[in-house]
Amino acid sequence: MRDPDRPATLGGSDAGARDAREAIALAIRSLHDDLVRLGVDRSTIDELADHVASAIEARIAVGDDLTSAIATARTQLGDLSQLAGEHRRVRGVFGPRPSRAVAWSAAIAMFAWLFVVVGRDVHAPVVGFVTGFGAIYMVAIGALLFRAPHAAGFLLGVAINQLVLLVENGYLAGFAALDPHAITLTVLSAGCCIVLAGRNQQVGVLYDLVHWVGMPRDRTAVVVAVAVTMAAHAIATIAGAVFVAVVAYRADRRPRALLAELRVWSGPDAPA
Amino acid sequence: MEIKKDLVAASATPLVLAILQRGPSYGYAIIQAVRELSGGELEWSEGMLYPVLHRLEDQELISSYEERGETGRMRKYYKLSAAGRRALGAERRTWDVVHATLAKAMRHA
């Protein structure tokens with residue numbers, strides 16, 4: 001048997017070898033496109049593409065002509081829809097479950113961010129929790145610590161959320177008030193994005209997001225992740241506003257004045 | 001000789017773990033190794049191997065890394081983890097019991 005680690009020679013003249021390489025590249029590209037259409041994740045597509053290329057080279061090495069080598073390698077791969085279905089069943093809609101190292105480092109980064117947000121004022125931690133971020137992030141951190149089956153979905157959702165917050169806090173930190181709290185949050189959000197984007201130790205979640213948008217069958221997963229994140233953001237904001245309004249009403253105060261007193265409101269137009 | 005699908009599926013995990021105990025390997029080479037070890041009696045399909053590899057990776061019995069192969073392509077290699085080594089030990093004991101029981105039963109059949 002040929003050593004599978006040894007590259008097969010494509011033989012013949014230089015031009016013939018070049019034509020063969022181009023034909024193999026074309027076959028791999030076609031396979032790649034089919035698997036993308038079926039919603040298979042990037043890492044699995046690369047793996048299967050390498051497998052088929054190895055199979056084609058092995059067939060050529062034992063004397064098959066190029067056309068039949070390509071056809072045999074594709075046939076051996078079996079029905080692509082079935083293959084994609086099996087991968088989705090094992091990997092889930094959000095791709096592979098993050099490794100313990102990635103899940104735990106993301107949880108620590110998120111906890112650090114949450115700690116600063118909730119603990120911005122020792123007198124008002126309850127405001128932070130009622131605004132919902134505390135609860136939402138604790139669920140996400142729990143899912144990552146225990147590596148829940150769809151924990152990668154939390155990585156995606158929180159990555160989107162942190163990108164939004166990075167822009168929001170970055171604006172406050174850089175242009176509005178040079179607020180030290182906003183600067184801290186910007187740094188932490190950037191840290192979160194870097195850790196969350198480090199999945200697969202390659203380009204990560206943010207690449208997958210762009211990649212998924214281009215995959216019709218997986219578009220639902222992206223829409224759901226974005227919708228859940230944005231809905232959670234909106235619910236958190238509304239819940240927080242209602243809570244502050246109720247507390248202000250009971251204390252017979254104006255909400256903005258109350259927030260300023262609690263040092264939660266730190267924007268440029270915060271009342272003195 | 002046709003080996004039933006159930007048996008092929010049951011032996012997939014210990015076979016993958018045992019092959020990876022010899023050193024890191026990748027999908028195509030693992031299929032070749034199974035074919036070689038079984039004298040061509042066991043034919044694994046890609047559709048069967050990769051879900052098994054991904055499930056074992058999910059269970060952290062094996063881990064993966066990417067490296068450029070001699071062909072110049074990036075290739076995903078799998079290697080056995082410490083948990084995988086322990087799981088392989090347990091699988092070995094199980095299969096030894098099955099094998100010994102079957103051997104005795106068949107001898108008296």
Side-chain angles (χ1 to χ4, degrees), chain A residues 1-10 21 24-25 28 31 35 40-58 73-92 95-101 103 147 149 151-152 200-202, chain B residues 5 8-9 12-13 16 19-20 22-79 81-84:
Chain A
M1 189 188 72
R2 188 181 73 85
D3 176 5
D5 271 325
R6 192 163 52 86
T9 52
L10 294 172
R21 271 195 294 275
I24 293 171
I28 297 300
L31 171 73
L35 290 170
V40 178
D41 64 278
R42 175 174 53 95
S43 138
T44 305
I45 291 176
D46 291 345
E47 192 171 25
L48 289 172
D50 174 58
H51 184 106
V52 169
S54 300
I56 294 171
E57 287 162 1
R74 278 297 295 258
T75 309
Q76 278 176 344
L77 202 56
D79 179 37
L80 290 187
S81 310
Q82 265 186 0
L83 192 64
E86 192 61 24
H87 280 289
R88 258 196 305 279
R89 194 179 62 76
V90 173
R91 301 221 122 161
R97 200 163 13 174
S99 71
R100 209 178 294 267
R147 292 177 69 239
N200 295 339
Q201 290 132 25
Q202 290 171 348
Chain B
K5 273 185 179 176
V8 173
T13 296
V16 168
I19 288 168
L20 292 180
R22 303 194 294 187
S25 190
Y26 57 96
Y28 184 78
I30 292 172
I31 287 186
Q32 299 299 315
V34 170
R35 186 175 296 146
E36 193 181 4
L37 288 167
S38 68
E41 298 284 358
L42 269 176
E43 285 283 344
W44 278 12
S45 67
E46 290 81 351
M48 179 194 155
L49 172 70
Y50 288 104
V52 170
L53 286 172
H54 297 160
R55 182 171 48 77
L56 293 177
E57 191 180 14
D58 202 43
Q59 295 168 345
E60 299 192 327
L61 298 181
I62 61 176
S63 59
S64 66
Y65 60 94
E66 290 194 3
E67 204 172 86
R68 201 170 290 282
E70 285 181 44
T71 54
R73 287 191 301 272
M74 286 306 284
R75 177 167 282 162
K76 189 172 182 181
Y77 285 87
Y78 294 92
K79 64 177 183 181
S81 67

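Numbers restart at 1 for each chain; the letters A, B, ... are given by sequence-line order, proteins then strands.
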Chain B contact via [X] - which portion, at a heavy-atom distance below 4.5 Å:
X       : result
A:Leu80 : neither
A:Leu83 : side chain
A:Ala49 : neither

Between B:Glu46 and A:Gln76, the two heavy atoms sitting closest are OE1-O, 2.7 Å

Taking every heavy atom of A:Ala55 against every heavy atom of B:Tyr28, the minimum-distance pair comes out as CA-CE1, 3.6 Å

- Query: Does any non-hydrogen side-chain atom of A:His51 lie less than 4.5 Å from one of B:Tyr50?
  - Reply: yes

* Would you indicate whether the side-chain heavy atoms of B:His54 and A:Glu47 approach each other to under 4.5 Å? => yes

Residue from A:Asp79, A:Leu77, A:Val52 scoring the most non-hydrogen pairs under 4.5 Å with chain B is A:Leu77

Side chain to side chain contact (heavy atoms under 4.5 Å, CB included) with A:Asp50: of B:Arg75, B:Lys76, B:Met74, only one passes, and it is B:Arg75

Cut-off 4.5 Å, heavy atoms of chain A, and the answer for B:Arg55 is both

Applying salt bridge (charged side-chain N to carboxylate O under 4.0 Å, His left out) to B:Glu60 and not counting sequence neighbours gives A:Arg100, A:Arg147

One should read off an interatomic distance between B:Glu66 CD and A:Asp46 CG, to the nearest 0.5 angstrom, of 6.5 Å

